[in-house]
Amino acid sequence: IFREHQLTQRQLVDFTNNFGVAVEHVRKQPPRDVHEIFIISNVKQDGVEIGALGNAELTFHSDLSYMPKPGTLSMLYALELPSSGGATTWCDCRAAYDALSDEHKASLVGLRAVHRHYVEAQNQPELVDHPVVITHPDSGRKSLYVGPHLTKHIVGIDAAESDRILSRLYEHLDEPRFHYTHNWHLGDLIVWDNRPTMHKREPFPESERRLMWRTQIYNDGHQFPKMAIGPCKRLSFSSRAQVHCDRIKNPAYLTLAFDTLKPILLLGPTAIHGYALASRHPCLVQAIHSTNERDAGRLGWPYIELEDDT
């Protein structure tokens, strides 16, 4: 949660790109200058909605679960808010899975569920299904991946049994011990991972304005492009983010320009250029002095100066 920000649409997309690559939402929206921004609003101009999702309640769901490759991270930014209602509640589906009995967990092994949007135009031509229990690719933790808004039925069993299984899970997921409810303030920006969570929105008065901007990224399976290799022949990170680089006697004075889905640029006293590195783990490092900020700025990459944590 980031409080009290004043962002333009372009700034929100640029911030999002520090965590991945912001992509345009699959849902059709009115023409807009920054296509990666998904406008969530009940506001109308000249009788035409400027965004989507109105003012009604939205029940628990994970964003874009009706897609073959659902969204990973979402970001939501508050610009206009009603005087009441409109709060967002997140459910920790990891904790909900952990709280199941061993017998209940065993009964879910191998089950898959169909996810489908209530607006038919949003859906793929073929049915899309996902495991009822998914494993996060980074943490390895298991979580429930079903929600009443978009999950339709369990694959391969009769409707009555499917309803029984899903109803029991929804009742469990609805327990407040797994929830965090956020009452929005202007300028709030929230970032979340859709894979181990789901969320819902309370209704709010139709006569009052609510305007939010959302961005979406997909991290799984992204291919990192490579840069030409200069004097640095080899670069790798251990689990503690130690830098190892041939022909460099003191790697503590390297600088790194990076984000999670863009090429990595190594900067140092000799302007060493490394190659892209796909790393799922954050660097546990401390900032040091800048050595070549200009090069990072020229390439349009965010940069951070790193120090070997040993």
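Worth knowing before you read on, the calculation uses all heavy atoms, side chains too, and leaves out hydrogens, waters and symmetry mates. All residue numbers refer to positions in the sequence shown, counting from 1.
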What residues form a side chain to side chain donor-acceptor pair (under 3.5 Å) with [X], not counting sequence neighbours?
{"X": "H149", "answer": "T59"}
{"X": "T181", "answer": "T89"}
{"X": "R177", "answer": "E175"}

Sequence-distant partners of T8, side-chain contact (heavy atoms from CB on, under 4.5 Å), two or more places apart
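Partners of T8 by the side-chain contact (heavy atoms from CB on, under 4.5 Å) criterion, ordered by chain and then number, come out as R10, Q11.
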Which residues satisfy the ring pair (Phe, Tyr, Trp, His ring centres under 6.0 Å) test with F2, sequence neighbours excluded?
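Only F15 meet the ring pair (Phe, Tyr, Trp, His ring centres under 6.0 Å) criterion with F2.
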Pair H61 + Y66: ring centers closer than 6.0 Å
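No - the distance between ring centres of H61 and Y66 does not fall below the 6.0 Å cut-off.
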Atom CG in L169, atom CG in L108: separation rounded to 0.5 Å?
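L169 atom CG to L108 atom CG measures 5.5 Å (nearest 0.5 Å).
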All pairs passing side chain to side chain donor-acceptor pair (under 3.5 Å) where residues 21-31 contributes a residue, at least two apart:
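Residue pairs passing side chain to side chain donor-acceptor pair (under 3.5 Å), neighbours aside: H25-R214.
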Check salt bridge (charged side-chain N to carboxylate O under 4.0 Å, His left out) between [X] and all other residues, then give those that pass, not counting sequence neighbours.
{"X": "D163", "answer": "none"}
{"X": "E208", "answer": "none"}
{"X": "E103", "answer": "none"}

Give me the other members of the hydrophobic cluster that [X] sits in, counting Ile, Leu, Val, Met, Phe, Trp and Tyr linked by side-chain heavy atoms under 4.5 Å, directly or via other members.
{"X": "L127", "value": "V114, V155"}
{"X": "I190", "value": "I1, F38, I40, L53, L58, L76, L81, W90, Y118, V119, Y180, W184, L186, W192, M212"}
{"X": "I134", "value": "Y145"}

